[in-house]
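Here is how names work: the chains are called A, B, and so on, in the same order as the sequence lines, proteins then strands, and each is numbered from 1.
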Amino acid sequence: MENQRINGNDLLAIGYQENHAMGVALKINKKRLGFTREEMLVTFKAVLEQPESYLHDPVFKPLAEVLLSIDTLEDETIALKEEALNYAVYGAEHIEDGAKKQMHVAMKLPVTVAGALMPDAHQGYGLPIGGVLATNNAVIPYGVGVDIGCRMALSVFDLPAEYLNTHHDTLKNVLKHSTRFGAGHGFLRHERTDHAVLDHSLFETHDFIRSLKDKAWTQLGSSGGGNHFVEFGIMEFASADATLGVAPGKYLALLTHSGSRGLGATIAGHYTKLAKEICKLPYEAQHLAYLDLHTAEGQEYWLAMNLAGDYASACHEVIHDKIRKALGAELLTKVENHHNFAWKEQFEGEEVIVHRKGATPAGKDTMGIIPGSMATLGFLVRGKGEETAINSASHGAGRLMSRTQAIKTLSATDLKTLLEDQGVTLLGAGIDEAPMAYKDIHTVMSAQTDLVDIVATFSPKIVRMADDGSRED
DNA sequence: ATGTGC
């Protein structure tokens with residue numbers, strides 16, 4: 001195990017503390033530049049003991065600098081509270097410790113008012129995925145996540161579920177032709193769609209946002225990679241729903257999952273960096289850097305985040321319009337919801353900023369969509385307005401294993417069998433999106449019966465995702 | 001999550 005990675009514990013063992021110096025040391029170790037693990041450890045110890053001697057070292061200079069300025073750095077640091085606030089956890093027995101630890105740190109932020117962990121939670125960057133955090137007048141870019149405005153959209157058509165059998169090939173072709181998947185990918189110049197969101201004033205007045213407009217246009221109506229999808233399936237309303245006005249029955253439906261593409265990712269990256277420069281937090285909380293909404297930077301992020309949210313919504317609208325028109329179908333009902341976003345909401349009688357990073361808004365009577373996986377049920381839900389959960393629910397089943405773990409351990413044959421058994425046609429996707437890589441959606445749903453009521457179910461039948469490695473046209 | 005990093 002000569003080249004096994006050095007981790008935080010190795011550094012603690014040779015005298016490092018859990019602070020920014022450790023972060024820099026781990027970053028340097030990632031590059032490793034031809035040193036063995038032993039050589040690295042010996043040098044790390046030497047730098048710690050005599051940082052002055054390494055101020056001109058090409059590799060260890062950044063570490064020496066941080067070590068020499070660590071006291072000053074800590075003076076500028078905003079202190080966390082001694083005691084973390086309590087937070088509600090739903091389905092705690094199925095949530096990994098890493099996610100709880102991250103939530104615990106978030107509950108120590110001076111701006112935190114309340115928090116909750118949804119049953120699909122797992123470890124993320126800063127705030128866990130499935131984490132909900134209410135703050136006082138502050139917004140955390142990494143509390144929203146990189147894919148700002150990532151959301152679900154559902155169209156239920158006036159076509160019977162049998163349409164999936166009678167027009168299977170048509171539906172497959174419509175899916176292929178109407179969508180674009182893969183990182184960096186979008187539409188060709190002559191295929192672009194116009195949309196009012198592109199006329200947003202920020203695309204003119206704000207230099208940084210303006211520089212993103214052309215790509216935003218190219219990618220409008222595209223889906224991206226990872227766990228994003230566009231799929232046809234069977235929507236089943238077991239009983240009549242008064243509010244939606246849909247009669248009991250099985251219908252053809254379109255379900256989409258995607259976000260704000262390059263536009264949102266670039267905005268997220270820009271303002272996270274800015275937040276980290278402005279808001280210096282202790283090492284364990286560094287990714288939770290926040291922007292005060294009374295500052296120009298905070299206001300700017302808020303506007304940019306909302307634009308990314310509108311853009312994500314527009315992307316879904318383009319996809320749904322194209323497909324509905326291609327089918328010549330009428331819409332029975334449409335539902336959509338963000339699950340990576342921050343909102344101004346009332347909580348216990350006060351206005352707070354609610355961050356949902358992979359969590360579905362579930363205020364009283366708010367409709368939401370909680371997908372399972374490519375071959376398991378998804379759910380149309382109605383929020384119950386549970387204040388303990390900060391009016392939220394899970395945003396899906398949640399990953400059971402990481403992508404790398406899934407690629408290493410799951411069998412393509414098993415996936416094929418599962419898809420055949422469920423009658424699912426899959427276009428694209430890697431094994432890392434296999435249902436076996438996700439928690440059981442029914443377990444997750446039963447952990448949140450206090451948070452949402454199930455209105456209808458969705459069974460995926462023709463699923464389109466990005467190819468392996470998310471390279472595709 | 002994203003076509004790219006201190």
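Residue A:His20 contributes atom NE2, which lies 15 Å from atom C1' of B:dC6 at whole-angstrom precision. B:dT2 atom C1' lies 14 Å from atom NE2 of A:His257, rounded to whole Å. Going from atom NZ of A:Lys273 over to atom C1' of B:dC6 covers 10 Å, rounded to whole Å. Regarding A:Leu212, its CG atom lies at a distance of 14 Å from the C1' atom of B:dG3, rounded to whole Å. Distance, A:Tyr142 OH to B:dT2 P: 14 Å, rounded to whole Å. Regarding A:Phe181, its CZ atom lies at a distance of 17 Å from the C1' atom of B:dG3, rounded to whole Å. Separating the CG atom of A:Asp467 from the P atom of B:dG3 is a distance of 17 Å, rounded to the nearest angstrom. If you take CG of A:Leu263 and C1' of B:dG3, they are 15 Å apart, rounded to a whole angstrom.
Between A:Lys27 and A:Asp147, it is A:Asp147 whose nearest contact on DNA chain B lies nearer the 5' terminus.
Counting any heavy atom pair closer than 4.0 Å across all strands shown, A:Lys30 reaches no nucleic acid atom. At the heavy-atom level, A:Gly259 lies nowhere under 4.0 Å from the strands shown.
Contact annotation: A:Gln219 reaches the phosphate of B:dG3 (side-chain N/O to OP1 or OP2, under 4.0 Å). Taking side-chain N and O atoms only, A:Lys61 has no distance below 4.0 Å to OP1 or OP2 of B:dC6.
No hydrogens or angles considered: a donor-acceptor pair under 3.5 Å links the side chains of A:Lys276 and A:His287. For the residue pair A:His94 / A:Asp120, no side-chain donor-acceptor distance below 3.5 Å is found, with atom types taken as modelled. Side-chain atoms of A:Tyr54 and A:Glu65 include no donor-acceptor pair closer than 3.5 Å.
With a 6.0 Å cutoff to the six-membered ring centre and a 45° limit on the axis angle, A:Arg399 counts as a cation-pi contact of A:Tyr438.
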